[in-house]
Amino acid sequence: MSDVSEHMVEGGCHCGAVRYQVKISNPLVAHACNCSICQVHGFVGAILPVPQFELLQGEESLTEYRFNTGVARHLFCKHCGVKSFYRPRSNPDGVSVNIHTLELPDGFDVDVTPFDGQHWEVHAHTLKHLSETS
């Protein structure tokens, strides 16, 4: 059994216009979703409670895309096109950060598990606990 430790980590888009900070645990649990948008973008997300996320800069550089039910808020940098984070449909009370945009310390463990987003209605409930605050 490994020790869980908490870290403040920054991340952001490719051009640097959007920057954020998150409080995450090591190891970090993330999901590789195969839904239509995550698969196309290569988004691997770690869902966190909103209080663990802080947008440091770039709110004015974000553009939003919604589709299907309109619940998920996909946010992209309007300069470089990177989706660093978004508000997921499964956890509208949380935020999902793209682990590829995190500046993780050396030796940080990330546990990436598949998520069947193509059958979202069947599996979404398995993610609900990730945005809950203690």
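Only this structure's heavy atoms are used, side chains among them; waters, hydrogens and symmetry mates stay out. Position 1 is the first residue of the sequence, and the numbers go up from there.
- For NZ of Lys23, the number of neighbouring non-hydrogen atoms (other residues, nucleotides, ligands) closer than 6.0 Å is 12 at most.
- In this structure, Glu59 places its CD atom where only 12 or fewer heavy-atom neighbours from other residues, nucleotides or ligands lie under 6.0 Å away.
- Between the SG atom in Cys13 and the NZ atom in Lys83 there is a gap of 14.5 Å [rounded to 0.5 Å].
- With rounding to the nearest 0.5 Å, the separation of SG in Cys33 from CD in Gln118 is 8.5 Å.
- The two residues Gly45 and Ser96 come nearest to each other via the heavy atoms CA-OG, 3.4 Å.
- Linking ILVMFWY residues whenever their side-chain heavy atoms come closer than 4.5 Å, directly or via other members, places Leu130 and Trp120 in the same cluster.
- A single hydrophobic cluster is not seen to contain both Val82 and Leu55; linkage of ILVMFWY side chains at heavy-atom distances under 4.5 Å, directly or through other members, places them apart.
- Side-chain rings of His41 and Phe76 approach one another, their centers coming within less than 6.0 Å.
- Across all non-hydrogen atoms, the minimal contact from Thr126 to Phe115 is OG1-CE1, 3.7 Å.
- Side-chain contact between Val95 and Val22 is absent, with no heavy atoms from C-beta onward closer than 4.5 Å.
- Partners of Glu60 under the salt bridge (Lys or Arg N to Asp or Glu O under 4.0 Å) rule, at least two apart in sequence or in another chain, do not exist in this structure.
- A distance of 8.5 Å separates CG in Asn26 from CG in Leu104, rounded to the nearest 0.5 Å.
- The shortest side-chain heavy-atom distance between Ser36 and Phe67 falls under the 4.5 Å cut-off.
- Scanning all heavy atoms of the two residues, the minimum distance from Pro88 to Gly94 falls at CD-O, 3.8 Å.
- The salt bridge (Lys or Arg N to Asp or Glu O under 4.0 Å) test applied to Glu54 returns no partner, not counting sequence neighbours.
- Inter-residue side-chain proximity for Phe43 and Ile37 is flagged as unmet; no heavy-atom pair is nearer than 4.5 Å.
- Within a 6.0 Å radius of NE2 in His119, other residues, nucleotides and ligands contribute 12 heavy atoms or fewer.
- Closest approach of Pro114 and His31 over heavy atoms only: O-CD2, 4.5 Å.
- Atom NE2 of His14 sits in a sparse spot, with 12 or fewer heavy atoms from other residues, nucleotides or ligands closer than 6.0 Å.
- Considering only heavy atoms from C-beta on, Thr133 stays 4.5 Å or farther from Val50 through its side chain.
- Here the shortest heavy-atom pairing between Lys128 and Pro92 reads NZ-CD, 3.9 Å.
- Taking NE2 from His74 and CZ from Arg66, the interatomic distance works out to 9.5 Å, rounded to the nearest 0.5 Å.
- To the nearest 0.5 Å, the span separating CG on Asn91 from CD on Glu132 amounts to 8.5 Å.
- No single ILVMFWY cluster, assembled from side-chain heavy atoms under 4.5 Å apart, contains both Ile47 and Val112.
- Val110 and Val29 are members of different hydrophobic clusters when ILVMFWY side chains are connected at heavy-atom separations under 4.5 Å.
- Put simply, the side chain of Asn98 does not reach to within 4.5 Å of the side chain of Ser84, judged on heavy atoms.
- Across all non-hydrogen atoms, the minimal contact from Tyr86 to Leu75 is CB-N, 4.0 Å.
- Glu64 has no carboxylate O lying under 4.0 Å from a charged side-chain N of Arg87, or vice versa, which leaves the two without a salt bridge.
- For the pair Leu48 and Ile24, the minimum side-chain heavy-atom distance is below 4.5 Å.
- Val97 and Val44 fall within the same hydrophobic cluster, where Ile, Leu, Val, Met, Phe, Trp and Tyr residues are linked whenever their side-chain heavy atoms come under 4.5 Å apart, directly or through other members.
- Taking CD of Gln57 as the start and CD of Gln21 as the end, the distance is 12.0 Å to the nearest 0.5 Å.
- Contact check for Thr101 versus Phe85: no side-chain heavy atoms found under the 4.5 Å cut-off.
- Here the side chains of Asn34 and Asp116 are in contact, with some heavy-atom distance below 4.5 Å.
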